[in-house]
Amino acid sequence: MLAEIVERVVRSWVTEEQWDPAPEFVFERPADLAHGDYATPFCMQLAKTARRAPRQLAEELKSRLEADPEAAALVDAVEIAGPGFLNFRLRSDAFVKMASDLLEQGDSVGAGRREEPRNILLEYVSVNPNGPLHVGHARYAAYGNALDRLLRFSGERVTTEFYINDYGRQMDMFGRSVAARYAQSFGVDLAVPEEGYQGAYVADIAAQIRQEVGDRRLEELRERGLEDASGEAVRFFRERGCQIVLEQMSAELERFGVTFDNWFSETPLHTEGRVRDAIDRLLAAGQAYEQDEAVWLRTTDYGDDKDRVLIRSNEQPTYFAADIAYHEDKLQRGYDLLINIWGADHHGYIPRMKAAVEFLAGEPGRLEIVIGQLVSLQEAGETRQMSTRRGEMVTLAELLEAIGKDAARFFLVMRSHDQTLDLDLDLARSQSQENPVYYVQYAHARIAGILRNAPPELEPGLASDPSLFLTSFERELVKKLDEFPHVLMEAADRRHVHRIAGYAQELAAEFHPFYKNCRVIGSDPAVASSRLALCLLTRRVIARCLDLLGVDAPDRM
RNA sequence: GCGCCCGUAGCUCAGUUGGAUAGAGCGUUGGUCUACGAAACCAAAGGUCGCAGGUUCGAAUCCUGCCGGGCGCGCCA
């Protein structure tokens, strides 16, 4: 709050003096309380542009701030320190003012108000529906869902979508694998194709289908085998298998707290000719061309290393071609911004997709691709590699079984999405009590306890007497709470979901000492009332953080 | 070979787009329960921020070059 006021004073000063370029305004909490409650290195950054000594600039800014009524109302002392830092010490009643401003906002504390909210389509997870979700998918699901909640809360309009890759060779392979297991369950000797799916879950799906249809699908398999992949026999298993996997996936994601506004199937893009139409338009516009019996898109026009094939020489469209039709559909639905969350193993695909969207939209920047780094697993001191095809993986279901939704979600988003994540399964299983999520939830439960035990006549309310906020525990807690709106907006704009998890831990770390040292119930009524108000506010903010991460905020643990 | 993400405490990782003495959790060592929940608090130990240069008042952060790791580099998805 003080940050905005100081920034305003600085901006008008810079404008008046016509300094250009003006350095970015930085306002921070010094690590050492001796340096005041807040500090800014702005004058040192300004020195070069202004061509004056930092401390001399600091003198002038100091007197401007002291002349500003809003700043003077909050600041007790402005000090010049070191090579040109400006340190601020808050007045005692500033803490009351900061806390009551936040309290007034009620449950919407921290919510963003955008002057021009954008319509954003957020696409994530989007896997082949041919096997269970593993922990890598779980990371993107946890991250994407938290980003969804964060962007909405920050004032954007978000629609979420799961693109179902239910078409193509991988799915044919899956269908044949299910068909083979189905036949095997009747003792018919049909082998799972070499490049097929070997996991035990395939047999489970086959068993379910057998329950549904009995032996009615057996004869055609016996007669025609698996060779004719596009034929009726295998198609049935591919489609029903796909449905079963999607049902399981959707139920599992829901248990994980992740839901989507839309599930968008790839197959109709092909069967309704929309892929072909998109390619024809690109050809007509000269953006695609034929060569070597294939059709290529001029992605090099937009920075790709080489042009990319849309239609193979065998006349089959590539996955890329379908993706173009899909993104054309997204654009036609009128979104201002498309955000795709992809695994790091797809990063090589970025330039061509951005090029394609630039062709379609006629302008750059409509597509933003967020790359999530991979998850590697440690178990018994060894790294486990995952393979859907071999059926070797740690699934989301197993992770939920081992550590539960809350710990899993918190764990998967507490680290930057840009960083590979090492998941130690032994640690997750055996020491789940040590997971930082409990530290945050415990703070919430403690507050709930206070509210339960408080006598009914005790009303939360911030007294005007600043002496009620004199302990450092209360001051530090208020300062941390005051950061919340800024942290949220920055996290949203930079897609840094992990900042929310980090902030929640920091807030809990300010609350616990406060709890230890500042009794609420039984204190002098005015003090108790003020502290109760702080508790209420802290609870709201913690609950909001946890909600944004998809983690429960329990009243008891 | 080229491109992307990285290299920070024993381990897993933060570090607010260049700021003051580099932080947290786990692990280790010691202390704190007759008042709102000890899943907590307090304290200690632990670091050439991969290495070497450069940019400047100031670098974990920006630039260059090495070393090391992950992931990509298809008319697969």
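Numbers restart at 1 for each chain; the letters A, B, ... are given by sequence-line order, proteins then strands. Only a predicted model underlies this, so the values are computations on that prediction, with no experimental measurement involved.
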Q. For the residue pair A/His134 and A/His137, does the interplanar ring angle fall in the parallel (under 30°), tilted (30 to 60°) or perpendicular (over 60°) class?
A. parallel

**Q.** Same-atom distance (C1') from B/rU61 to B/rU56, integer angstrom
**A.** 14 Å

Q: Check every strand shown and say whether A/Arg556 touches a base, only sugar-phosphate, or nothing at a heavy-atom separation below 4.0 Å.
A: base

Q. For A/Cys518, which contact category applies under a 4.0 Å heavy-atom criterion: base, sugar-phosphate, or nothing?
A. base

Q. Taking the C1' atom of each, how far is B/rA14 from B/rU8, in whole Å?
A. 10 Å

Could you tabulate the donor-acceptor pairs under 3.5 Å formed by side-chain atoms of residues 289-296 of chain A, not counting sequence neighbours?
residue  : atom : partner  : partner atom : Å
A/Tyr289 : OH   : A/Asp307 : OD2          : 2.7
A/Trp296 : NE1  : A/Gln291 : O            : 3.1

Q. Can you tell which of B/rA77, B/rC13, B/rC36 lies closest to the side chain of A/Asp422?
A. B/rC13

Q. Is the shortest side-chain N/O distance from A/Tyr442 to OP1 or OP2 of B/rA39 below 4.0 Å?
A. yes

Q) Which nucleotide, B/rA39, B/rC75, B/rA38, lies nearest any side-chain atom of A/Trp296? A) B/rC75

Q: Tell me whether B/rU17 sits syn or anti, counting syn as a glycosidic angle within 90° of 0.
A: syn

Q. Between A/Arg312 and B/rA77, is there a side-chain N or O to OP1/OP2 distance below 4.0 Å?
A. yes

Q. Would you say A/Met171 and A/Asn130 make side-chain contact, with heavy atoms under 4.5 Å?
A. yes

Q) Can you tell me how far CG of A/Leu421 sits from CD of A/Gln373, rounded to the nearest 0.5 angstrom? A) 10.5 Å

Q. Where the side chain of A/Arg352 is defined as all heavy atoms beyond and including C-beta, which of B/rA77, B/rC71, B/rG37 is the nearest nucleotide?
A. B/rA77

Q | Residues A/Glu476 and A/Arg29 bridged, charged N to O under 4.0 Å | A | yes

Q: Identify which nucleotide among B/rC36, B/rA14, B/rA77 has an atom closest to any side-chain atom of A/Gln419, counting heavy atoms from C-beta outward.
A: B/rA14

Q.
Could you report the tightest heavy-atom contact between A/Ala344 and A/Ile371, atom names first, then the distance?
A. CA-CG2, 3.7 Å

Q. Which residues within residues 484-510 of chain A lie with some heavy atom under 4.0 Å of an atom in RNA chain B?
A. A/Glu490, A/Arg494, A/His498

Q | Interatomic distance where CD belongs to A/Glu293 and C1' belongs to B/rC75 [whole Å] | A | 11 Å

Q.
Please report the distance separating the P of B/rC5 from the corresponding atom of B/rG65, rounded so that it comes out in whole Å.
A. 15 Å

Q) Taking the nucleotide of RNA chain B with the closest heavy atom to each, which residue, A/Asp292 or A/Leu86, is nearer the 5' end? A) A/Leu86

(Q) Over all strands shown, is A/Asn87 touching base, sugar-phosphate only, or nothing at heavy-atom distances under 4.0 angstrom? (A) base

**Q.** Aromatic plane relationship, A/Phe27 with A/Phe25 - under 30° parallel, 30 to 60° tilted, over 60° perpendicular
**A.** parallel

Q) Any Lys/Arg nitrogen of A/Asp555 or A/Arg539 sitting under 4.0 Å from an Asp/Glu carboxylate oxygen of the other? A) yes

Q. Does A/Arg308 make a cation-pi contact with A/Phe320, if we ask for NZ or CZ under 6.0 Å from the ring centre and within 45° of the axis?
A. no

Q. Would you call the rings of A/His417 and A/Tyr143 parallel, tilted or perpendicular, where under 30° means parallel and over 60° means perpendicular?
A. tilted

Q: Looking at every strand, decide which applies to A/Leu421 at a 4.0 Å heavy-atom threshold: base, sugar-phosphate, or nothing.
A: sugar-phosphate

Q | Closest non-hydrogen atom pair, A/His498 against A/Ser416 | A | ND1-CA, 3.5 Å

**Q.** In B/rC33, glycosidic geometry as syn within 90° of 0 or anti otherwise
**A.** syn

(Q) Please give the distance between the C1' atoms of B/rG18 and B/rA35 as a whole number of Å. (A) 49 Å

**Q.** C1'-based separation of B/rG1 from B/rG47 [nearest Å]
**A.** 36 Å

Q: Identify, with sequence neighbours excluded, every residue that meets salt bridge (Lys or Arg N to Asp or Glu O under 4.0 Å) alongside A/Asp37.
A: A/Lys479

Q | First of A/Lys306 and A/Tyr515 reached from the 5' end of RNA chain B, by closest nucleotide | A | A/Tyr515

Q.
Output the pairing pattern of RNA chain B as a dot-bracket string, 5' first, Watson-Crick or G-U wobble with both distances under 3.5 Å, | for cross-strand pairs, [ ] for crossing pairs.
A. (((((((..((((.....[...)))).(((((.......))))).....(((((..]....))))))))))))....

Q) Which part of the nucleic acid, if any, lies within reach of A/Asn165 when heavy atoms closer than 4.0 Å are counted: base, sugar-phosphate only, or nothing? A) nothing

Q.
Taking A/Glu59 first and then A/Lys62, would you say they form a salt bridge - that is, a charged N and a carboxylate O separated by under 4.0 Å?
A. no

Q.
Would you say A/Tyr326 places a side-chain N or O within less than 4.0 Å of OP1 or OP2 belonging to B/rA77?
A. no

Q: Please measure how far the C1' atom in B/rG10 lies from the corresponding atom in B/rG27, and state the result in whole Å.
A: 8 Å

Q.
Check this for me, if you would: do A/Arg176 and A/Asp172 make a salt bridge, where the nitrogen-to-carboxylate-oxygen distance has to be below 4.0 angstrom?
A. no

Q: Check RNA chain B against residues 407-416 of chain A and give the residues with a non-hydrogen atom under 4.0 Å, in numerical order.
A: A/Arg415, A/Ser416

Q: Would you check, one step at a time, whether the test side-chain hydrogen bond (donor to acceptor under 3.5 Å, both in side chains) holds for A/Tyr326 with A/Glu161?
A: CA-CA 12 Å; A/Tyr326 174 42; A/Glu161 196 153 286; 2.7 Å; yes

Q: Please work out if A/Tyr349 contacts a base, only the sugar-phosphate, or nothing of the nucleic acid, heavy-atom cut-off 4.0 Å.
A: base

Q: Mark this stacking check for A/His512 against B/rA39 as yes or no, applying ring centres under 5.5 Å and ring planes under 30°.
A: no

(Q) At 4.0 Å (heavy atoms only), tell me whether A/Thr420 reaches a base, stays on the sugar-phosphate, or touches nothing. (A) sugar-phosphate

(Q) At less than 3.5 Å, do the side-chain atoms of A/Asp345 and the base atoms of B/rA77 form a donor-acceptor pair? (A) no

**Q.** Heavy-atom pair of closest approach, residues A/His270 and A/Ala322
**A.** NE2-CB, 3.6 Å

(Q) Taking the P atom in each of B/rC67 and B/rC51, what is the distance between them to the nearest angstrom? (A) 15 Å

Q. What nucleotide among B/rA39, B/rC42, B/rG3 has an atom nearest to a side-chain atom of A/His347?
A. B/rG3

Tabulated below should be each protein N or O lying under 3.5 Å from an N or O of nucleotides 54-60 of chain B; please produce it.
residue : atom : partner : partner atom : Å
B/rC57  : N4   : A/Met44 : O            : 3.4

Q.
With a 3.5 Å distance limit and no angle check, can you tell me whether A/His512 reaches the backbone of A/Tyr439 through a side-chain donor-acceptor pair?
A. yes

Q) NA contact type, A/Gly82, heavy-atom cut-off 4.0 Å: base, sugar-phosphate, or nothing? A) nothing

Q. Reckon A/Pro41 touches a base, only the sugar-phosphate, or nothing at all at heavy-atom distances under 4.0 Å?
A. base

